[in-house]
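Computed from a prediction, not measured in an experiment: that's the story for all the values here. Counting begins at 1 with the first residue of the sequence. Only this structure's heavy atoms are used, side chains among them; waters, hydrogens and symmetry mates stay out.
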Amino acid sequence: MKSTHLSLIAGAVALAAITGFASLNAPEGTAAEETATASRLPVERSSLVCPAPSTSDLAETTYTSFTPPGTGAGKGEDAKGTAELKPALPVLDDDEVETDPKKAKKAEEAAKKAREKADKPVLAVKEPGKPVLAEADGSDAPALVGTATGTLAPGWAAQQTTTVTVGGSRGLLGVSCTAPDTDFWFPGASTARSRQDYLHLTNPDDSAAVADIELFGAKGAVTSEVGDGITVPARSSVALLLSTLTDESANDLTAHVTTRSGRVGAVLLTADDGSGTDWLTAAADPSSSLVMPGIPADATSVQLVAYAPGENDADVKVQLMGKNTTFAPAGNDTLHIKSGMTATIDLKDITRGEPGSLRLTPVEKNRATPIVAALRVVRGTGAKQEYAYIPATGPVGARASVTDNRAKGSTLSLAAPGATAKVKVTTSAGSGGGEAAVETYTVKAGTTMAVTPKPPAGLKGAYALTVETVSGGPVHASRALVLPQDGVQMFTVQTLPDDGGTVVVPSSRQDLSVLDD
């Protein structure tokens, strides 16, 4: 009798390379030296989702997508793969069942056209190292869902940048398309009357997802009876106005999104009457130490919003990593965050003409309580002000990329909260032409370095920035894009956490050949 014996570890290796899961535990009893032979492999599949850009008919949106060059997954021409973003399907109201035969036929034809449209990519990366670009106008631009495979999967990134030049919520909105997940934190949300905060949930999969939304304010959980069991249909996106989830009006909240089934991409679109608009992306997972990199030198107001999700209160040190050193802002050197409650600090113009990054660490190392946090940053004053968010973010790690950089207006911020670090920054070829360039920077411990990237020679279109850690301690990074309009310094900030393009998997010593029993 013959049977095929497959090593459990080898099977896990293949699964990790395909899905991108980076945590695998060796079976009990595995020798230490066997664990030490773990290798790092490129992922073979990546997923991204992008929310619907805007509800304004005057919105102008640019989509960009990019995969950095490097060691891809697999070998041979068949491993090249694809990287496509397609429109999400429209959400249909099941309660509106059309009984008129003629109208029902028209509805069926419209649904068929929507499905055909969803099969046509808006963006399709053809080769690593060269970004692609697409544009859309008005409020009809759809949410996007997509998958990258083969050599185009590791490090695949995309961004949408939207400009709204008039109206109470005019501004520059930028968001990096996100990987779907099951758990998201948004410190800085609001249900105040002056705000319009829409939570966008996008489902990339072929089955429905079910999500729950919790809100936490300065006094704890906010009562809501309609935030549970929200269904997000397959390959579709829904937008929920936070103020409709509760009768309470609050300026500073923390929103928590989890899924009961399936997975979604989640981002929060905020609009403040007269102050601007931008996306708030999910903050890094709860941790006792956090970094929010890239506060602009000319920030006129900086507000910190933090939340402690566990059973213990948190006491944290608040420090600014400036151009030359780290220091505590006068009068705001510590923050007490009660368990289950949202706390805020108005740091005003903390940077005072120099770029900086905010670092939060425990006051007492033996009482390290995990928290989540984000910054709301304002530039300008009065009718000329504009704001953006900087959520706490993980380090660049091995590599991180951000797309949609222009010939003018891009600033890269690099913060080293621990030891001095060296990073390599690559400006890619442009979407319409140009030559990639590489520069290396050394970021001193406890400081923030603001860099104006040198555009690629012969640049046409938009380019991507890729940051790689060469040596030293961890580096946290963000990119600010500034597009002035009628005297307003409209801007948006995107963080650069590790792209997860590779995963550590254990090596197997077992022969996978067919064995005779």
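- Going from atom CG of Leu496 over to atom OG1 of Thr466 covers 8.5 Å, rounded to the nearest 0.5 Å.
- For the pair Arg235/Asp206, a side-chain contact is recorded, criterion being any heavy-atom separation below 4.5 Å from C-beta on.
- For the pair Thr151 and Pro128, the tightest heavy-atom approach, listed with the atom from each and the gap, is O-CG, 4.2 Å.
- In this structure the side chain of Pro154 never reaches within 4.5 angstrom of the side chain of Thr502, judged on heavy atoms.
- Across every non-hydrogen atom of Ala415 and Pro293, the tightest pair is CB-CB, 4.4 Å.
- The nearest pair of heavy atoms linking Tyr307 to Gly340 is CE1-C, 3.2 Å.
- Atom CD of Gln494 sits about 8.0 Å away from atom OG1 of Thr281, to the nearest 0.5 Å.
- Proximity of a side-chain donor or acceptor of Ser339 to a complementary backbone N or O of Gly310 within less than 3.5 Å is detected.
- A donor-acceptor pair under 3.5 Å is absent between the side-chain atoms of Ser65 and the main chain of Ala158, judged by distance alone.
- One N or O on the side chain of Ser236 and one on the backbone of Leu89 form a donor-acceptor pair closer than 3.5 Å.
- In the displayed structure, Asp247 atom CG is contacted under 6.0 Å by at most 12 heavy atoms of other residues, nucleotides or ligands.
- A distance of 6.5 Å separates CG in Leu465 from OG in Ser410, rounded to the nearest 0.5 Å.
- To the nearest 0.5 angstrom, Asp205 atom CG is 4.0 Å from Arg263 atom CZ.
- Between Asn251 atom CG and Thr344 atom OG1 the span is 9.0 Å, to the nearest 0.5 Å.
- Side-chain atoms of Thr149 do not come within 3.5 Å of backbone N or O of Arg45 as any donor-acceptor pair.
- Thr254 is listed as a side-chain neighbour of Trp185, based on a closest heavy-atom distance under 4.5 Å.
- Judged by distance alone, the side chains of Asp278 and Thr492 do bring a donor and an acceptor atom under 3.5 Å apart.
- When every heavy atom of Ser176 is checked against every heavy atom of Val402, the shortest pair comes out as OG-CG2, 4.5 Å.
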**Message:** Quick one, Leu242 with Leu199, criterion side-chain contact (heavy atoms from CB on, under 4.5 Å). Give me CA distance, side-chain angles, the key distance, then yes/no.
**Reply:** CA-CA 7 Å; Leu242 288 189; Leu199 181 65; 4.2 Å; yes
**Request:** Evaluate the side-chain contact (heavy atoms from CB on, under 4.5 Å) criterion for residues Val425 and Val451: first the C-alpha distance (whole Å), next the side-chain angles of each, then the deciding distance (0.1 Å), finally the verdict.
**Result:** CA-CA 10 Å; Val425 177; Val451 176; over 6 Å; no
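- Between the side chain of Thr191 and the backbone N or O of Ser243 there is no donor-acceptor pair closer than 3.5 Å.
- No donor-acceptor pair under 3.5 Å is formed between the side chain of Thr161 and the backbone N or O of Gly174.
- Counting only distance, with no hydrogens or angles, the side chain of Arg479 and the backbone of Asp404 share a donor-acceptor pair below 3.5 Å.
- Between Phe186 and Phe184, the ring planes lie parallel to each other; the angle is under 30°, not in the 30° to 60° tilted range.
- Under 4.0 Å is where a charged nitrogen must lie from a carboxylate oxygen, and between Asp486 and Arg170 no such pair does.
- Between the side chains of Thr300 and Thr381, no donor-acceptor pair of N or O atoms lies under 3.5 Å.
- Nearest approach of Thr202 to Leu144, heavy atoms of both residues: CG2-O, 4.2 Å.
- A 4.5 Å side-chain heavy-atom check between Val482 and Arg379 finds at least one atom pair inside the cut-off.
- Between His200 and Trp279, the angle of the ring planes goes over 60°, which puts this pair in the perpendicular group of the 30/60° scheme.
- Using a 3.5 Å distance cut-off with no hydrogens or angles, the side chains of His256 and Asp212 do not pair a donor with an acceptor.
- Not one N or O on the side chain of Arg195 forms a donor-acceptor pair closer than 3.5 Å with the backbone of Ala250.
- For the pair Val378 and Ser275, the minimum side-chain heavy-atom distance is 4.5 Å or more.
- Within the 4.5 Å cutoff, no side-chain heavy atoms of Thr270 are placed close to those of Ser190.
- Atom-to-atom distance recorded for Ile213:CD1 and Leu245:CG is 5.5 Å, nearest 0.5 angstrom.
- Under a 3.5 Å cut-off, the side chain of Asn203 and the backbone N or O of Pro233 do form a donor-acceptor pair.
- Using a 4.5 Å heavy-atom cutoff, the side chains of Tyr198 and Pro51 are not in contact.
- In this structure, Ser431 contributes its side chain and Ala462 its backbone to a donor-acceptor pair below 3.5 Å.
- In terms of heavy-atom proximity, Pro53 sits nearest to Thr61 at CB-OG1, 3.4 Å.
- No more than 12 heavy atoms of other residues, nucleotides or ligands shown are found within 6.0 angstrom of CD on Glu435.
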**Request:** Mind running side-chain contact (heavy atoms from CB on, under 4.5 Å) on Leu360 and Leu304 for me, showing each step along the way?
**Result:** CA-CA 10 Å; Leu360 304 180; Leu304 168 65; 4.0 Å; yes
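- In this structure, the side chains of Ser56 and Val164 come closer than 4.5 Å at one or more pairs of heavy atoms.
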**Asked** Can you check side-chain contact (heavy atoms from CB on, under 4.5 Å) on Thr277 and Asp272, steps first, answer last?
**Response** CA-CA 6 Å; Thr277 181; Asp272 193 330; over 6 Å; no
